[in-house]
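Comments concern the structure below.
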Protein chains: 2
Amino acid sequence: MHSPELLKGTLQTIILKLLADHGKMYGYEITQKVKELSDGSLALTEGALYPTLHKLEAEGLLSTEKVSLGKRVRKYYTLTEIGRSSIQKRIEDFESFISTMFNVLQLRPIGS
Amino acid sequence: MHSPELLKGTLQTIILKLLADHGKMYGYEITQKVKELSDGSLALTEGALYPTLHKLEAEGLLSTEKVSLGKRVRKYYTLTEIGRSSIQKRIEDFESFISTMFNVLQLRPIGS
DNA sequence: TCGTATTACCTAAGACTCTAATGTATTGAA
DNA sequence: TTCAATACATTAGAGTCTTAGGTAATACGA
């Protein structure tokens, strides 16, 4: 498991990219997808996830839709236009940050 | 300039690696070195730097030495044994985290 | 059928790390 | 002589996380 400190500031990017790649998702599904894609090494806690989803919704990047399954209600999140248009920049910012960190730490790029 | 959010959790690693690569350094020198290595895109604020240096010292990873230059006093930081032995793991943790993030975000590795 | 695990939503207190602002003082250059 | 740069530092407050807790439906094995 990674030091959770390193996760800070990347959660919004993860959520937005997952929604871009997989269409509408609900909260629990996002936690499972992250676990799967990271081979179990990243575990989103719900205390981090739900406030972030709500914040992104409040900022207009996500919209929600409630779907009933019997008595249970699932809340699906979808990217809005604004949300979708914000992703490319976030990804670029992340990659640029990584690149800078590699320079500062004087490490070799991954894959070379 | 990078979103400062992404910097969170990486400052200790930066400081330790800089000291490993460049020997003893003082606080202001560290801020300048980071600015130089990042081509001006990372600016450590002093409010972040000094508390972190003091914390690393309190944890036994750094030791200090005061050097007078005329009336001015410079405070040099050096890695202790413990500090030096902690670096490899921090670097590996960082690289592992990046690798995981690339998987989760489904990005191509840098340099490929 | 009964208990437990899983699914599924959520909040709240507190820790931690940062930013922005501020303070002090020395040194060097215009 | 005055302003920028050097050099140390602290503080209030913002933001993001962890840990812990709460509620409830559903699925599954004993």
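Chain A is the first sequence line, chain B the second, and so forth, proteins listed ahead of strands; every chain is numbered from 1.
A:Leu44 has its CG atom 9 Å from the P atom of D:dC17, to the nearest Å. The distance between atom CG of A:Leu56 and atom P of D:dT16, rounded to the nearest whole Å, is 10 Å. Between A:Leu11 atom CG and C:dT17 atom P the separation is 18 Å, expressed in whole Å. Computed from coordinates, the A:Leu49 CG to D:dA20 P distance equals 19 Å when rounded to whole Å.
Residue pairs meeting the salt bridge (Lys or Arg N to Asp or Glu O under 4.0 Å) criterion with at least one partner in residues 15-43 of chain B, sequence neighbours excluded, are B:Lys17-B:Asp21, B:Lys24-B:Glu65, B:Lys33-B:Glu36.
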Output one letter per nucleotide in nucleotides 5-11 of chain C: B when a protein non-hydrogen atom lies under 4.0 Å from the base, S when only the sugar-phosphate is that close, - when neither is. --BSBBB
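Annotation: side-chain hydrogen bond (donor to acceptor under 3.5 Å, both in side chains) contacts of A:Ser63 (sequence neighbours excluded): none. In this structure B:Thr64 satisfies the side-chain hydrogen bond (donor to acceptor under 3.5 Å, both in side chains) test together with B:Glu57, sequence neighbours excluded. In this structure, A:Lys71 has no side-chain hydrogen bond (donor to acceptor under 3.5 Å, both in side chains) partners at least two apart in sequence or on a different chain.
Judged by distance alone, the side chain of B:Ser99 and the main-chain N or O of B:Glu95 form no donor-acceptor pair under 3.5 Å.
Taking the nucleotide of DNA chain D with the nearest heavy atom to each of A:Lys71 and A:Lys55, the more 5' of the two is matched to A:Lys55.
Using a 4.0 Å heavy-atom cutoff across all strands shown, B:Lys66 reaches no nucleic acid atom at all.
Think of A:Tyr26 as one node in a network of Ile, Leu, Val, Met, Phe, Trp and Tyr side chains linked at under 4.5 Å; its network also takes in A:Tyr28, A:Val67, A:Tyr76.
Within the 4.0 Å cut-off from OP1 or OP2 of D:dC17, at least one side-chain nitrogen or oxygen of A:Thr52 is found.
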